[in-house]
Amino acid sequence: MTDVRVRIAPSPTGAPHVGTAYIALFNLVFAKVNQGKFILRIEDTDQTRSRKVYETAVLDALKWVGLSWDEGPDVGGKYGPYRQSERTEIYRKYAEQLVEEGKAYRCFCTPEMLEQLRKDQKPIKTNNIYRDADEKTIQDKLEKNEPYTIRLKVPEEGECVISDRFREEVRYNYSEVDDQIILKSDGFPTYHLANVVDDHLMKISHVIRGEEWLTSTPKHVLLYEYLGWEKPEFIHMPLLKNPDGSKLSKRKNPTSIFYYREAGFLPEALLNYLSLMGYSRPNGEEKFSLEEMIVDFDINRVSLGGSVFDLQKLSWLSGKYIREDLTPQQLAKKLVAWRINEEFIAQLMPLVSERMDTLGDFMPLASFFWSRDVEYTSETVLPKKKEAKETAELLQVLLFAFEEQEEWLADQISISIRAIAQIHEWKIREITHPLFVAISGKKVAPPLFDSMEYLGKDICRVRIVKAMETLGGVSKKRLQKLDSLWKKSMKGQFEEQVLEIQKPSD
RNA sequence: GGCCCCGUCGUCUAGUCUGGUCUAGGACACAAGGUUUUCAACCUUGCAACACGGGUUCAAAUCCCGUCGGGGUCACCA
């Protein structure tokens, strides 16, 4: 057997996701048990969404849970660079090669045209307008410098047979696969091209990834065949799910790894819990370390139905680690390293000093900074003259607004809140009231915006969601409605309003 | 909706490949009891599942077919 080389390929477009740690874990363990190598590659080909801060964040988050890699952008390796934005020339070369060989073609459709096609609900095989365009029109457009993408020529008939470790053979008809864009008009590759090229160049032997990729595997298989490369073995892992059974999402569950860090879960417990998702040890043990898992890991023991991420069981496991594995001294050290330290407390002084008469007043004032959860009733969250339902919905809109913020700083939080208040014609106080309670559990608390900043975005999101639920929640239907409303109009208004507020007043 | 994947207690799972040892085992949660100055932890007990229907077979959670249910995916996002 060839050397085992596997990889995790996160894209730095948001907070580091527990799903990334989950897939990384299984890749790492698979590599270790086969004396192979585990590679980390940054897939930052989406120029509009990728951010350097998120890249640092994924690396930090994965390290925090206790994962490490043999090759990656931070540790190097002989197959680098390990950041796709630094490899664009390579992808372009292969894309051009495919065009020359007639296995791909230039497409001059504009995003608007494609959008229209989608609206007309004729998505499959109708966007290949330029597939057989004659040389002259293409040359013509090239000379006019019209932007183009490169599309893969997917056969019009035939079958693609994928061998997946867990599912044996999965069959797809090429007639149902679009001519996929592999190179965008900005010159960057899409996932499909970059992924296949890198996996080949980096000698990846097994592609262990989430099941959401299963349906796009035919495109990847085709790419390997067109390029004349040997295919890796595909292993599609089951998905992590929300309690309602849908794919794990931050609206319904904390998905950011940092949430678990900020909320004080032990990283070894998180990793251990993640390994329980779809995997069981032969001896039935539930509490085990990464090292123990590696000893007798067998990927064939993975079970397929996606698993619901259960915070309660994770908490129990974390508690088990605290009780069984730590001496009082070690626990105390963990607490200090977490956020019971001078640095964190000093930060809070400006917020509380005026509200203190004695030192003993501090803890009651600030206790919510160290609590996993805060307690209150629905009456205390609800502002005067407002209905529970509208308040819950406003909080949801606020959550949308917070997602637009790239940095979680008091100033920006304040601006977002003021903008939302403006748009919905609520008094600031009517918004901050439920927020105070949601965040601190109390009506009177240290300054809200700073508190929210120090508490972190992930904790705040979870607390706001809880407040919404306390108010009776927002129905699934209504949520969808709000979501589309937000995208269609409110988001624009919000952005305008933000600019308005930021305008220097003279 | 098309295509694809999946289907054991509320949840995570063992068992399925290699039918019998499964009146389906463990864990979380929940309930009761014990222990404890209280609570938590801990211990004991309880609750609770083979999605449904049809085959094959002496025998099906396990093999086959159908139905239903859930999920994923259909972007110049990954």
Side-chain angles (χ1 to χ4, degrees), chain A residues 9-14 17 19-20 41-50 54 84 107-115 117-118 121-125 127 147-151 159-160 162 164 166-178 180-195 209-219 236-248 272-287 300-320 322-324:
Chain A
S11 79
T13 52
H17 200 280
T20 307
R41 180 175 72 221
I42 296 292
E43 309 226 325
D44 54 349
T45 55
D46 184 343
Q47 287 299 284
T48 60
R49 297 198 305 148
S50 293
Y54 293 139
Q84 291 186 328
C107 168
F108 296 88
C109 293
T110 62
E112 293 72 33
M113 287 166 68
L114 296 171
E115 176 67 22
L117 276 177
R118 234 171 284 131
Q121 294 192 309
K122 298 184 289 189
I124 290 162
K125 295 285 188 192
N127 51 18
Y148 63 89
T149 61
I150 292 180
R151 278 184 190 274
E159 195 179 49
C160 177
I162 295 157
D164 179 275
F166 298 145
R167 300 159 240 264
E168 300 182 10
E169 292 185 343
V170 183
R171 291 158 187 280
Y172 290 95
N173 280 318
Y174 277 129
S175 60
E176 283 148 9
V177 181
D178 262 345
Q180 200 65 36
I181 291 178
I182 55 173
L183 201 78
K184 302 181 245 184
S185 58
D186 64 0
F188 277 72
T190 58
Y191 171 87
H192 310 290
L193 210 220
N195 198 262
R209 60 183 6 168
E211 199 192 312
E212 74 250 52
W213 293 109
L214 191 57
T215 33
S216 46
T217 310
K219 299 158 199 166
H236 288 96
M237 295 289 295
L239 259 20
L240 261 25
K241 304 193 298 191
N242 293 314
D244 69 0
S246 54
K247 187 165 85 165
L248 197 65
N272 186 164
Y273 180 68
L274 250 15
S275 70
L276 255 22
M277 303 276 84
Y279 185 69
S280 63
R281 295 196 71 199
N283 62 13
E285 270 177 0
E286 295 203 293
K287 177 168 171 257
N300 297 315
R301 284 187 65 85
V302 168
S303 66
L304 255 21
S307 345
V308 172
F309 192 94
D310 181 13
L311 266 171
Q312 241 173 351
K313 187 155 183 176
L314 168 60
S315 302
W316 164 78
L317 235 198
S318 184
K320 226 166 142 60
I322 286 182
R323 269 171 256 126
E324 296 175 4

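Quick note on labels: first sequence line is chain A, next is B, and so on, each numbered from 1.
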A.B. asks: Rounding to the closest angstrom, what is the interatomic distance between U11(B) and G33(B) at atom P?
C.D. replies: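 Each nucleotide's P atom is 28 Å from the other's.
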
A.B. asks: Could you measure between the two C1' atoms, the one in C64(B) and the one in G70(B), and give it in whole Å?
C.D. replies: 23 Å

A.B. asks: Is A14(B) paired to anything, Watson-Crick or G-U wobble with both distances less than 3.5 Å, and if yes, which nucleotide?
C.D. replies: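 Checking every strand shown, A14(B) finds no partner, since no pair has both distances under 3.5 Å.
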
A.B. asks: Does OP1 or OP2 of C30(B) have a side-chain N or O of K313(A) closer than 4.0 Å?
C.D. replies: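 No.
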
A.B. asks: Using the P atoms only, state how far A61(B) lies from C68(B), rounded to an integer number of Å.
C.D. replies: 24 Å

A.B. asks: From C-beta outward on E211(A), which listed nucleotide comes closest to its side chain: U73(B), C5(B), C77(B)?
C.D. replies: C5(B)

A.B. asks: So does R281(A) get a side-chain nitrogen or oxygen closer than 4.0 Å to the phosphate oxygens (OP1/OP2) of G26(B)?
C.D. replies: no

A.B. asks: Figure out the CG/P separation between L276(A) and A29(B), and round it to whole Å.
C.D. replies: 13 Å

A.B. asks: Among side-chain atoms of S175(A) and N173(A), is any donor-acceptor pair under 3.5 angstrom?
C.D. replies: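 S175(A) vs N173(A): no donor-acceptor pair found between side chains.
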
A.B. asks: To the nearest 0.5 Å, what is the distance between OG on S315(A) and NZ on K320(A)?
C.D. replies: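 That separation rounds to 14.5 Å.
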
A.B. asks: Quantified in whole Å, what is the P atom distance between nucleotide C17(B) and nucleotide A60(B)?
C.D. replies: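 That atom pair is separated by 14 Å.
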
A.B. asks: What does E212(A) touch in the nucleic acid at a heavy-atom separation under 4.0 angstrom: a base, only the sugar-phosphate, or nothing?
C.D. replies: sugar-phosphate

A.B. asks: Between E169(A) and S246(A), which residue's closest nucleotide on RNA chain B lies nearer the 5′ terminus?
C.D. replies: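 Whichever sits nearer the 5' end wins; that is E169(A).
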
A.B. asks: Could you tell me how far apart W213(A) (CH2) and A78(B) (P) are, to the nearest whole angstrom?
C.D. replies: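 The answer, rounded to whole Å, is 8 Å.
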
A.B. asks: Does a nitrogen or oxygen in the side chain of S307(A) sit under 4.0 Å from OP1 or OP2 of U13(B)?
C.D. replies: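 Yes, such a contact exists.
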
A.B. asks: Take atom P in C3(B) and the same atom in G26(B), then report the distance between them in whole Å.
C.D. replies: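 Nearest-Å result for C3(B) against G26(B) at atom P: 43 Å.
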
A.B. asks: With a 3.5 Å limit on both atom pairs, tell me what C30(B) is paired to, counting Watson-Crick and G-U wobble, or say none.
C.D. replies: G46(B)

A.B. asks: Specify the separation, in whole Å, of atom CG of L314(A) and atom P of U11(B).
C.D. replies: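 Rounding to the nearest Å, CG of L314(A) and P of U11(B) are 18 Å apart.
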
A.B. asks: Quickly work out the F108(A) CZ to C76(B) C1' distance and round it to whole Å.
C.D. replies: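 Between C1' of C76(B) and CZ of F108(A): 14 Å.
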
A.B. asks: Return the value, rounded to whole Å, for the distance between atom CG of L240(A) and atom P of U13(B).
C.D. replies: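 L240(A) atom CG is separated from U13(B) atom P by 9 Å.
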
A.B. asks: Could you grab the distance from atom CD of E286(A) to atom OH of Y273(A), nearest 0.5 Å is fine?
C.D. replies: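 OH of Y273(A) is found 10.0 Å from CD of E286(A).
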
A.B. asks: What's the gap between G10(B) and A48(B) when it is taken at their P atoms, as a whole Å value?
C.D. replies: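 Pairwise P distance, G10(B) against A48(B), rounds to 10 Å.
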
A.B. asks: Show the nearest heavy-atom pair for residues L214(A) and H236(A), with the distance to one decimal.
C.D. replies: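 Distance-wise, the nearest heavy atoms are CD1-ND1, 3.3 Å.
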
A.B. asks: Ignoring hydrogens and angles, does a donor from either the side chain of S185(A) or the base of C76(B) sit under 3.5 Å from an acceptor on the other?
C.D. replies: yes

A.B. asks: So T149(A), base contact, sugar-phosphate only, or nothing? Heavy-atom distance under 4.0 Å.
C.D. replies: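 If one applies the 4.0 Å heavy-atom cut-off, T149(A) turns out to touch a base.
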
A.B. asks: Please report the distance separating the C1' of G66(B) from the corresponding atom of U56(B), rounded so that it comes out in whole Å.
C.D. replies: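 My reading of the C1' atoms in G66(B) and U56(B) gives 15 Å.
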
A.B. asks: Evaluate whether atom CD of E324(A) has more than 12 neighbouring non-hydrogen atoms of other residues, nucleotides or ligands under 6.0 angstrom away.
C.D. replies: yes

A.B. asks: Over how many whole Å does the gap from R151(A) atom CZ to C74(B) atom P extend?
C.D. replies: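 From R151(A) CZ to C74(B) P: 14 Å.
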
A.B. asks: Nearest heavy atom decides the nucleotide; on that basis, is R323(A) or G306(A) closer to the 5' end of RNA chain B?
C.D. replies: G306(A)

A.B. asks: Applying the Watson-Crick and G-U wobble criteria at under 3.5 Å, what pairs with C3(B)? Answer none if nothing qualifies.
C.D. replies: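 Answer to the pairing question: G72(B), which forms a Watson-Crick or G-U pair with C3(B).
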
A.B. asks: Determine, stepwise, if the pair V177(A) / K219(A) fulfils side-chain contact (heavy atoms from CB on, under 4.5 Å).
C.D. replies: CA-CA 8 Å; V177(A) 181; K219(A) 299 158 199 166; 3.9 Å; yes

A.B. asks: Counting the atoms with a prime plus P, OP1 and OP2 as sugar-phosphate, which does K241(A) contact under 4.0 Å by heavy atoms, base, sugar-phosphate, or nothing?
C.D. replies: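 Nothing, no nucleic acid heavy atom in range.
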
A.B. asks: Could you work out which one of C5(B), U13(B), A78(B) sits closest to the side chain of V170(A)?
C.D. replies: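 It is C5(B).
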
A.B. asks: Please determine, for the side chain of K247(A), which listed nucleotide (G72(B), C77(B), A29(B)) has the closest atom?
C.D. replies: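 Looking only at side-chain atoms, K247(A) lies closest to G72(B).
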
A.B. asks: NA contact type, T215(A), heavy-atom cut-off 4.0 Å: base, sugar-phosphate, or nothing?
C.D. replies: base

A.B. asks: Given the P atoms of G53(B) and C12(B), what is the spacing between them in whole Å?
C.D. replies: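 It comes out at 23 Å once rounded to the nearest Å.
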
A.B. asks: Between T45(A) and A78(B), is there a contact of a side-chain N or O with OP1 or OP2 at under 4.0 Å?
C.D. replies: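 Yes, such a contact exists.
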
A.B. asks: Yes or no on side-chain contact (heavy atoms from CB on, under 4.5 Å) for L317(A) and L276(A), after CA distance, side-chain angles and deciding distance?
C.D. replies: CA-CA 11 Å; L317(A) 235 198; L276(A) 255 22; 4.2 Å; yes

A.B. asks: Checking contacts here: which listed nucleotide (A78(B), C4(B), C28(B)) is nearest the side-chain heavy atoms of L214(A)?
C.D. replies: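 The listed nucleotide nearest to L214(A)'s side chain is C4(B).
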
A.B. asks: Could you tell me whether the side chain of T13(A) and the main chain of R49(A) form a donor-acceptor pair under 3.5 Å?
C.D. replies: no

A.B. asks: Would you classify C107(A) as touching base, sugar-phosphate or nothing, given that sugar-phosphate means primed atoms plus P, OP1 and OP2, and contacts are heavy atoms under 4.0 Å?
C.D. replies: nothing

A.B. asks: Quick one: which of U73(B), C28(B), G26(B) gets closest to the side chain of E286(A)?
C.D. replies: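 Closest nucleotide to the E286(A) side chain: G26(B).
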
A.B. asks: Considering only side-chain heavy atoms of W316(A), which listed nucleotide, A27(B), C4(B), C12(B), is closest?
C.D. replies: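 Looking only at side-chain atoms, W316(A) lies closest to A27(B).
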
A.B. asks: Which part of the nucleic acid does F188(A) contact within heavy-atom distance under 4.0 Å: base, sugar-phosphate only, or nothing?
C.D. replies: nothing

A.B. asks: Have a look at G278(A) and say if it touches a base, only the backbone sugar-phosphate, or nothing, with a 4.0 Å heavy-atom cut-off.
C.D. replies: sugar-phosphate

A.B. asks: What does C52(B) pair with, Watson-Crick or G-U, if both distances are under 3.5 Å?
C.D. replies: G66(B)

A.B. asks: As a test of reading the structure: which of C12(B), C77(B), G15(B) is closest to the side chain of R301(A), going by heavy atoms?
C.D. replies: G15(B)

A.B. asks: Would you say K184(A) reaches C77(B)'s phosphate, i.e. side-chain N/O to OP1/OP2 under 4.0 Å?
C.D. replies: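 For K184(A), the contact criterion (side-chain N or O under 4.0 Å from OP1 or OP2 of C77(B)) is met.
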
A.B. asks: Could you tell me whether G284(A) contacts a base, only the sugar-phosphate backbone, or nothing, with contacts defined as non-hydrogen atoms closer than 4.0 Å?
C.D. replies: nothing

A.B. asks: In whole Å, what is the span from the CZ atom of F166(A) to the C1' atom of G72(B)?
C.D. replies: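 In whole Å, G72(B) C1' and F166(A) CZ are 17 Å from each other.
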
A.B. asks: Return the CZ to NZ distance between F309(A) and K241(A), rounded to the nearest 0.5 Å.
C.D. replies: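 Here the rounded value is 14.5 Å.
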
A.B. asks: Determine which nucleotide pairs with C39(B), using a 3.5 Å limit on both distances of a Watson-Crick or G-U wobble pair.
C.D. replies: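 Checking every strand shown, C39(B) finds no partner, since no pair has both distances under 3.5 Å.
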
A.B. asks: Check the distance between C12(B)'s P and L239(A)'s CG and give it to me in whole angstrom.
C.D. replies: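 Those two atoms, CG and P, are 13 Å apart.
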
